[in-house]
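All values below come from the heavy atoms of this structure, side chains included, with hydrogens, waters and symmetry mates left out. Every value quoted in this text rests on a predicted model; they were computed, and no experiment measured them.
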Amino acid sequence: MEKINDYGKIKISDNVFEKLVKEGLALTNGRDTLALERKSIDVQETDDEIRVEFHVVHKFGTSMIFSSMTVMDYLEENIRSIKLGKPVRAVMKIIAIKARKTHKVDHEKTRIIK
């Protein structure tokens with residue numbers, strides 16, 4: 001990804017988005033963790049938008065709404081400060097619920113950050 005400002009072109013690495021996702025998940029205090037079985041974080045850029053998709057495992061008995069809102073709010077606040085010039089679609093896929101056993105689920109939370 002590249003951003004043009006007064007000083008010229010700035011190249012933004014995918015690692016920036018990975019770091020933001022990991023920091024956002026740390027705010028949930030262990031309610032959500034990255035899914036290690038799959039490629040956890042995927043960043044794709046098209047002409048229209050940037051898509052940041054990440055897979056998480058949610059802890060049973062905790063609020064899925066609270067943890068997803070916490071992560072998405074953190075991502076929105078920090079991505080807006082970068083001012084990329086195109087919308088960012090943040091997609092949080094909850095692929096499993098961790099209890100005594102791990103149960104597969106298919107929940108998706110999406111937020112478009114402009």
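- Applying the side-chain hydrogen bond (donor to acceptor under 3.5 Å, both in side chains) criterion to Glu77, with sequence neighbours excluded, gives no partner residue.
- We find the NZ-OG1 distance between Lys93 and Thr110 to be 8.5 Å, quoted to the nearest 0.5 Å.
- With rounding to the nearest 0.5 angstrom, the CE atom of Met92 is 12.0 Å from the CD atom of Glu53.
- Side-chain atoms of Val71 and Leu75, non-hydrogen and from C-beta on, do get closer than 4.5 Å to each other.
- Residue Lys59 places its NZ atom among 12 or fewer non-hydrogen atoms of other residues, nucleotides or ligands, all under 6.0 Å distant.
- Two different hydrophobic clusters hold Val21 and Ile112 under the rule that ILVMFWY side chains link at heavy-atom gaps under 4.5 Å.
- Counting only heavy atoms from C-beta outward, the side chains of Met64 and Ile97 approach each other to under 4.5 Å.
- Side-chain heavy atoms closer than 4.5 Å link hydrophobic residues (I, L, V, M, F, W, Y) into clusters, and following such links, even through other members, never connects Val56 to Phe66.
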- Apply salt bridge (charged side-chain N to carboxylate O under 4.0 Å, His left out) to the pair Lys86 and Asp47, showing each step before the final yes or no. CA-CA 9 Å; Lys86 61 171 87 172; Asp47 293 335; 5.6 Å; no
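- Residues forming a side-chain hydrogen bond (donor to acceptor under 3.5 Å, both in side chains) with Thr62 (at least two apart in sequence, or on another chain): His58.
- Taking 4.0 Å as the cut-off between side-chain N and carboxylate O, Arg51 and Asp42 do not count as a salt-bridged pair.
- Residues that satisfy the side-chain hydrogen bond (donor to acceptor under 3.5 Å, both in side chains) test with Arg31, not counting sequence neighbours, are absent from this structure.
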- Task: Apply side chain to side chain contact (heavy atoms under 4.5 Å, CB included) to the pair Arg89 and Gln44, showing each step before the final yes or no.
- Result: CA-CA 10 Å; Arg89 181 181 302 266; Gln44 298 174 351; over 6 Å; no
- Query: Can Met72 and Glu76 be said to form a side chain to side chain contact (heavy atoms under 4.5 Å, CB included), step by step?
  - Reply: CA-CA 6 Å; Met72 291 298 190; Glu76 183 170 5; over 6 Å; no
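- Using a 4.5 Å cut-off between side-chain heavy atoms of Ile, Leu, Val, Met, Phe, Trp and Tyr, with links allowed through other members, Met69 and Ile94 fall into different hydrophobic clusters.
- To the nearest 0.5 Å, the span separating CZ on Phe17 from CD1 on Ile79 amounts to 5.5 Å.
- Taking a 6.0 Å sphere around CG of Asp106, one finds it holds 12 or fewer heavy atoms contributed by other residues, nucleotides or ligands.
- In terms of heavy-atom proximity, Ile113 sits nearest to Ala90 at CD1-CB, 4.4 Å.
- When the side chains of ILVMFWY residues are joined at heavy-atom separations under 4.5 Å, either directly or via intervening members, Val91 and Ile50 end up in two distinct hydrophobic clusters.
- Asp73 has its side chain within reach of Arg111: a pair of non-hydrogen atoms, C-beta onward, lies under 4.5 Å apart.
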- Message: For a side chain to side chain contact (heavy atoms under 4.5 Å, CB included) check, start with the C-alpha distance between Phe54 and Asp32, then their side-chain angles and the critical distance, and finish with the verdict.
- Response: CA-CA 11 Å; Phe54 52 101; Asp32 288 326; over 6 Å; no
